[in-house]
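The model shown is predicted, which means the values in this text are computed figures rather than measured ones. Numbering starts at 1 and runs along the sequence shown.
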Amino acid sequence: MALRSRALAPFTTVLSTYETFDSADLTAELTAFQAERRHLLSAATDSGHHSDLTVEREVRRPQAFLVVEPAYSLSDGAAYVATSGYFDQNNMPPWDTWIAPVPPPSGSDVSWGPALLCWVPPWAREGAERAIDVNPEQCLQWVDIREGTVLWT
């Protein structure tokens with residue numbers, strides 16, 4: 001499963017490098033990305049794909065979500081090598097797993113903008129752990145979701 005649908009590919013450049021775009025461009029791209037993603041998910045559900053996954057189960061599953069901070073990435077390909085291509089050369093997970101931007105943790109003095117919340121399928125958890133381990137810049141971090149809040153670990 002590649003998790004890189006052609007329909008979402010046009011959005012990847014803007015969303016994986018969004019620190020270089022103004023907020024109006026980012027908002028428009030995110031809105032279009034999320035609309036297309038909802039459409040694809042609806043079609044997948046209608047066709048029976050992912051029938052064993054539920055939001056409730058995934059939110060409770062340890063290491064089901066991570067955040068990516070594109071502004072911190074060295075884009076060195078370390079995650080790409082460590083995961084045999086699950087992450088790309090810019091340390092970004094497959095775009096079909098991208099969910100939404102999230103603000104930095106409370107109390108953070110980060111000023112570059114939000115991180116990108118991503119889902120990690122159960123079969124990709126070990127690879128994501130390797131990607132986190134090989135990125136000294138810490139552009140990838142596990143998060144938990146509790147009561148609708150993203151908690152950075």
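- When side chains are defined from C-beta on, Trp119 counts as touching Ile99, because their heavy atoms get closer than 4.5 Å.
- Looking at every heavy atom in both residues, Pro94 comes nearest to Leu3 through CB-O, 3.1 Å.
- Taking the side chain as every heavy atom from C-beta outward, Tyr72 and Gln141 never approach each other to under 4.5 Å.
- Transitive grouping of hydrophobic side chains (ILVMFWY, heavy atoms separated by less than 4.5 Å) brings Leu116 and Tyr86 into a common cluster.
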Steps toward side-chain contact (heavy atoms from CB on, under 4.5 Å) verdict (Leu117, Val150)
CA-CA 9 Å; Leu117 177 65; Val150 176; 4.1 Å; yes

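- With sequence neighbours excluded, the residues that form a salt bridge (Lys or Arg N to Asp or Glu O under 4.0 Å) with Arg61 are Glu58.
- Distance CG/Leu140 to CD/Glu129: 10.5 Å, rounded to 0.5 Å.
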Evaluate the side-chain contact (heavy atoms from CB on, under 4.5 Å) criterion for residues Val68 and Met92: first the C-alpha distance (whole Å), next the side-chain angles of each, then the deciding distance (0.1 Å), finally the verdict.
CA-CA 7 Å; Val68 180; Met92 296 294 293; 3.4 Å; yes

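- Applying the salt bridge (Lys or Arg N to Asp or Glu O under 4.0 Å) rule to Arg146 yields the partners Asp144; only residues at least two apart in sequence or on another chain are considered.
- By the side chain to side chain donor-acceptor pair (under 3.5 Å) test, Thr83 pairs with no residue at all, sequence neighbours left out.
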Audit row: Glu137, Ser73, side-chain contact (heavy atoms from CB on, under 4.5 Å) steps and yes/no:
CA-CA 7 Å; Glu137 71 271 29; Ser73 178; 4.1 Å; yes

Take Gln138 and Glu69 through the test side chain to side chain donor-acceptor pair (under 3.5 Å) and record every step on the way to the result.
CA-CA 8 Å; Gln138 298 180 343; Glu69 300 172 280; over 6 Å; no

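- Smallest separation of non-hydrogen atoms from Trp98 and Cys118: CD1-SG, 3.6 Å.
- Between the CG atom of Asp88 and the CG atom of Asn91 there is a distance of 7.5 Å, given to the nearest 0.5 Å.
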Let's go through Val67 and Val102 carefully: what are the C-alpha distance in whole Å and the side-chain angles of both, what is the deciding distance for side-chain contact (heavy atoms from CB on, under 4.5 Å) to 0.1 Å, and is it a yes or a no?
CA-CA 8 Å; Val67 291; Val102 293; 3.7 Å; yes

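- Considering every non-hydrogen atom in both Ala128 and Phe87, the closest pair reads CA-CE1, 3.9 Å.
- Ile132 CD1 to Cys139 SG: the interatomic distance, rounded to the nearest 0.5 Å, is 9.5 Å.
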